[in-house]
Each structure stands twice: as C-alpha cells, then as structure tokens.
Amino acid sequence: MRKEYKTIREVVGPLMLVEQVSGVKYDELVEIEQQDGSIRRGRVLEIDRDKALLQLFEGSQGLQISTSKARFLGKSIELDVAPDMLGRIFDGMGKPIDKGPALIPEKHLNINGTPMNPTARDYPSEFIQTGISAIDGLNTLVRGQKLPVFSGSGLPHANLAAQIARQARVLGSDEKFAVVFAAVGITFEEADFFINDFRKTGAIEKTVTFINLANDPAIERIATPRMAITAAEYLAYELGMHVLVIITDITNYAEALREVSAARKEVPGRRGYPGYLYTDLASMYERAGRIRGNAGSITMIPILSMPEDDVTHPIPDLTGYITEGQIILSRELYRKGITPPINVLPSLSRLKDKGIGKGKTREDHADTMNQLFSAYSRGKDAKELAVILGDAALSDIDKLYAEFADAFEQEYVSQGYYANRAIEETLDLGWKLLGILPKSELKRIKDVFIEKYYPKEA
C-alpha cells in the first residue's frame, strides 16, 4: 500500500504542491482523494527535496486541499494493450469510449516508451500507397518515414487525414497493416466525422482510434499522442504489423504544452512556447521507424495547422527539422475547388527516391515525377506572365505549358476525398497529361520510357 499525504499546500490552475514526501519519482502517477471519496488523478512533474509538484489531469476546480489527501501509485502513465485494440475507440487517456466490452490487457506499457537505438534502425525503403496522386506520384510516402501535413485554419486537413487512414496500405497481400489515429483537441463535430467515416467505410476494423476533445483537460492532450504511439509500437514490434500513425492536430498539443509551461512559470521561448518544444516533439516523432530484424514498422503522419498560414511559426518550423519532408495544403487551390488542395511544389518527401522505381512502383516513376514537377512549375510561371502581359505575350509552347498546369491541377491533384487511385493509375494519368506537351519538351525522361508510355496519337 502506497503512503498517503495530507500535506497538500497549494493549487494553481492544474498544478498542485505536496510537501514532506519521500521516495516519490518523476512522472509517477498520483491520486487525489477528496472528503466525499471522489478521486482525481495526476502525475509528478517536478521533485525538489521533500516537495513534489503535481500536474492534475482533470483540473483543480472545486478541490478542497484542506480535506484532500495525495496517494502516489509508484508507476507512470500506462496504456493497456492487446490484439483486440483494433477496431476500438479510446479517449485521450486510453479508456474505451465505444460502449464495447472492457479490454483484457496482454501488457501494460509506459506511454513514454524507450528510445530506439540508432544503430538498430533500418532505412525506410518500401512504398506505401495512400491512393492520393499528389502524394503517391510526387511526394511518395515510404514505410518507416515521418511525413507531416502542414495545413491552415479552415483548410480540409480532417478530410485528408480520414482519406489517408481509410486508403493507406502496403502493397503486397501478405502484409498485416493497421492505422492508429489520434485526434488531439478536436471539436465534437470533428470527432463525430472521423468515427462515422471510419465506421461507414469499414476502415475502423483496422484502426485504433484515440479521441481527445477540445473540452477535455489540456493535460490529457499531452498524453494522447504518446498513447497512440505506444499502441503503434505494440502492434508493430510485438505483433509484426505495418502501422501508420496519424496525429491531428499537433498545434493543439503544442498549445497545451505552452499552457502547462506558463503555469509552471518557466522562461518562455519563441512565441511563448517552452524552450524544450523541439526536444519534446522529437521525443514523439523519433519513435517512428523500422527496427532491423523486426517485420513491423511505424510510419507517422503528424498533421498541424499553421497559425496565420505561417510556415516559419515554431511548430511547423521545428517539425520540419525533425521529420523527412512535408505535405503543404494551399489556400489558393482550396479557393479554386481543388480537393485535396495539396501544393506539390513546396511539398517534399526526402525519402521518396528510396521507395519508388522498378519492383516498388514502376520503372518510369522517378523520371515522370521530375518531368511533372518541371512542367507544372513552368506552366505556373507562364500563367503569371499572362496575367501581367496578356495571353498574346506567350509563345505557343508557353501556352501549352499553361494548359498543362490547369489540367494538372484539375485532373491530377484534384481527385476528391473518396477516389482511391492505384499507383499505376496515378502514373498513367501523369503520362496522359504529359501528352499535352510535345515529346521534344520531355527532357527529364529517358527515351525508352517515352517510347513505351507516351500517349499514342489517335
């Protein structure tokens, strides 16, 4: 039986100070029992000799410290895991909320995990098909990669997240694939959208879902992504599955971190975020990857909404340093009705070259990808020139590039949220659009591929 303390001295927001403690550890769970028998939970945030600073999960409103007692549990926050997790919906602290039967745990895992030995890491090299042409064809997702989505407020990142969760798969029929979806600080309407979408399409059968609502305590937001990654580690490394982790919205997570940091009176860093925001984000992102000799893998897509669409804001800025690229959503394309509004030119997947080509996607993938980027960029330049000087100022070839840019946005990038394109379909569509241009302009593609795939004239 753990020792109880009636030496609670102070409460400020979600923080509580307990004095005259002994044998208490950092990150240890604690229960605060009130006079009426009700219990609130928290964790140890800081130890200073015989003083312990606690962080309450449910907040401190209505708490009577004079009649309450603190009981330390001798363990950190843990997640109960079992193969039956698939198809279940949990709250931000890992408790089932889908009215299903109680989970019979196979293990209890510390949500902070253990760091992956860098020498044990295997290099990401296998293609993951999301069914979205702007990602599969141009900014390819590779198994074991961390590829964030940078969005703006009001842009449809929720639809994109649901589409990826529904459609993503590793090519090859014998591969066991699962999705772990964590919604952090979202509204009830958004939660309802995700759950209904997964149920309606049957995607929920291969998904473990964690939902943290906007009216839940900020402290819970800090635990939710780690709950999801812990579930993913169990599925990947214990059950040998390929796991895709989607976390939306990392911005809400960082805001909760800032709120707790302010309550602790820590010296703020950029824009008021704590100075350790980089290491905190890295402690989550770096848990993705592959371990040499293990069949499982964790691929991560964190989604974050950039305040004021500012890509230099600390959250996207630091995320970009830790991860291997980014998918950027464009407000301009969204206004044009392009769905999903992925801006392919500033988007980047640093590992795409490792996951494409013969035996993985198709032999012509790399060449057509480079040619599509080049043609789209030149087409946008031609359209900008036409706005300033008029169409008459464009040469015949520039007019073809401008036509290509429009067709590329309307047919290749815009596909809706329920079209699931196979990689061959995406590559063939790229060739169809390149058929707008004469063969002499396809300078980035080998002649043998032009001969084989360039659309034949009717």
Side-chain angles (χ1 to χ4, degrees), residues 1-80 91-95 107-115 212 216-227 229-230 253-269 272-284 287:
M1 183 69 185
R2 298 294 293 177
K3 194 173 178 184
E4 294 180 342
Y5 296 89
K6 294 186 177 179
T7 50
I8 301 171
R9 292 287 175 261
E10 193 179 348
V11 175
V12 180
L15 303 183
M16 173 183 282
L17 184 68
V18 184
E19 294 183 345
Q20 298 167 32
V21 301
S22 63
V24 174
K25 301 184 188 71
Y26 168 73
D27 212 37
E28 188 173 339
L29 276 179
V30 62
E31 289 180 345
I32 310 298
E33 188 176 337
Q34 296 172 77
Q35 198 170 23
D36 61 1
S38 62
I39 288 176
R40 300 193 195 190
R41 304 188 84 193
R43 68 183 180 117
V44 177
L45 207 58
E46 205 173 296
I47 307 279
D48 184 11
R49 292 186 289 275
D50 68 339
K51 295 183 179 69
L53 184 66
L54 314 182
Q55 187 179 39
L56 297 175
F57 296 140
E58 294 98 347
S60 57
Q61 197 169 5
L63 192 69
Q64 296 286 327
I65 61 173
S66 57
T67 55
S68 298
K69 53 189 176 187
R71 183 164 54 245
F72 294 89
L73 304 183
K75 61 178 183 179
S76 297
I77 305 174
E78 293 179 336
L79 175 67
D80 294 344
D91 68 9
M93 293 302 289
K95 297 186 185 72
K107 285 189 172 183
H108 310 280
L109 298 180
N110 185 329
I111 65 163
N112 294 309
T114 52
N212 166 261
D216 289 332
I219 310 306
E220 194 177 294
R221 272 194 260 308
I222 296 171
T224 305
R226 289 181 169 81
M227 290 276 173
I229 298 166
T230 303
Y253 169 84
E255 296 290 349
L257 209 60
R258 179 164 69 174
E259 190 177 319
V260 173
S261 174
R264 290 176 67 180
K265 297 184 170 59
E266 292 174 336
V267 177
Y273 292 96
Y276 51 80
L277 180 62
Y278 177 88
T279 47
D280 191 276
L281 290 173
S283 72
M284 291 195 305
R287 289 168 71 179

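Index from 1, following the sequence. Side chains are part of it too, since the values below use all heavy atoms of this structure and drop only hydrogens, waters and symmetry mates.
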Q: Decide yes or no for D50 and S22: does some side-chain heavy atom of the first lie under 4.5 Å from some side-chain heavy atom of the second?
A: no
Q: Would you name the heavy atoms of A70 and I8 that are closest together and state the gap between them?
A: N-CD1, 4.2 Å
Q: Validate the cation-pi geometry between R41 and F57: distance from NZ or CZ to the six-membered ring centre under 6.0 Å, angle to the ring axis within 45°.
A: no
Q.
As an exercise, state the distance from CD1 of I77 to CD1 of I111, rounded to the nearest 0.5 Å.
A. 4.5 Å
Q: Measure the CG-OG1 distance between N212 and T224 for me, rounded to the nearest 0.5 Å.
A: 4.0 Å
Q. For E78, does the CD atom sit with more than 12 other heavy atoms under 6.0 Å from it, leaving out its own atoms?
A. yes
Q) About how many Å separate CG of L56 and CG of L63, when rounded to the nearest 0.5 Å? A) 6.5 Å
**Q.** Gap between atom CD of Q35 and atom OG of S68 - 0.5 Å precision
**A.** 8.5 Å
**Q.** Sequence neighbours excluded - side-chain hydrogen bond (donor to acceptor under 3.5 Å, both in side chains) pairs with any residue from residues 8-20
**A.** R9-E19
Q.
Quick check: closest heavy atoms across N110 and S76, and the distance to 0.1 Å?
A. ND2-CB, 3.6 Å
**Q.** The single option from R71, K69, R40 passing side-chain hydrogen bond (donor to acceptor under 3.5 Å, both in side chains) against E31
**A.** R71
Q.
Could you report the tightest heavy-atom contact between V30 and R43, atom names first, then the distance?
A. CG1-N, 3.9 Å
Q | Minimum heavy-atom distance E28-G23, with the two atoms named | A | OE1-O, 4.2 Å
Q: Quick one: pull up CG in D91 and CE in M227 and give me the separation to the nearest 0.5 Å.
A: 8.0 Å
**Q.** Minimal non-hydrogen separation, P225 against M284, with atom names
**A.** CB-SD, 3.5 Å
Q. Taking only residues two or more places apart in sequence or in another chain, which ones pass side chain to side chain donor-acceptor pair (under 3.5 Å) with K75?
A. none
Q: Test I219 against every option in M93, Q55, E259 by the side-chain contact (heavy atoms from CB on, under 4.5 Å) rule and name the one that passes.
A: Q55
Q: Starting at CD1 of I32, measure out to CG of L54 and round the result to the nearest 0.5 Å.
A: 5.5 Å
Q. Please walk me through it: do L15 and L53 pass side-chain contact (heavy atoms from CB on, under 4.5 Å)?
A. CA-CA 7 Å; L15 303 183; L53 184 66; 4.2 Å; yes
Q) Can you tell me if Y253 and R226 form a side-chain donor-acceptor pair at under 3.5 Å? A) yes
Q: Could you pull out all residues at least two apart from Y5 that satisfy ring-ring contact (aromatic ring centres under 6.0 Å, His included)?
A: F72
Q. Are a donor atom and an acceptor atom from the side chains of N112 and D27 found within less than 3.5 Å of each other?
A. yes
Q | Ionic contact status for E255 with R258, cut-off 4.0 Å | A | yes
**Q.** Modelled atom types, side-chain donor and acceptor of Y273 and D280, under 3.5 Å
**A.** no
Q: Using a strict 4.0 Å threshold on nitrogen-to-oxygen distance, state whether E46 and R264 make a salt bridge.
A: yes
**Q.** Where A256 and R221 come nearest, the two heavy atoms and their spacing
**A.** CB-CB, 3.9 Å
(Q) Any heavy-atom pair between the side chains of V21 and K51 that's under 4.5 Å? (A) no
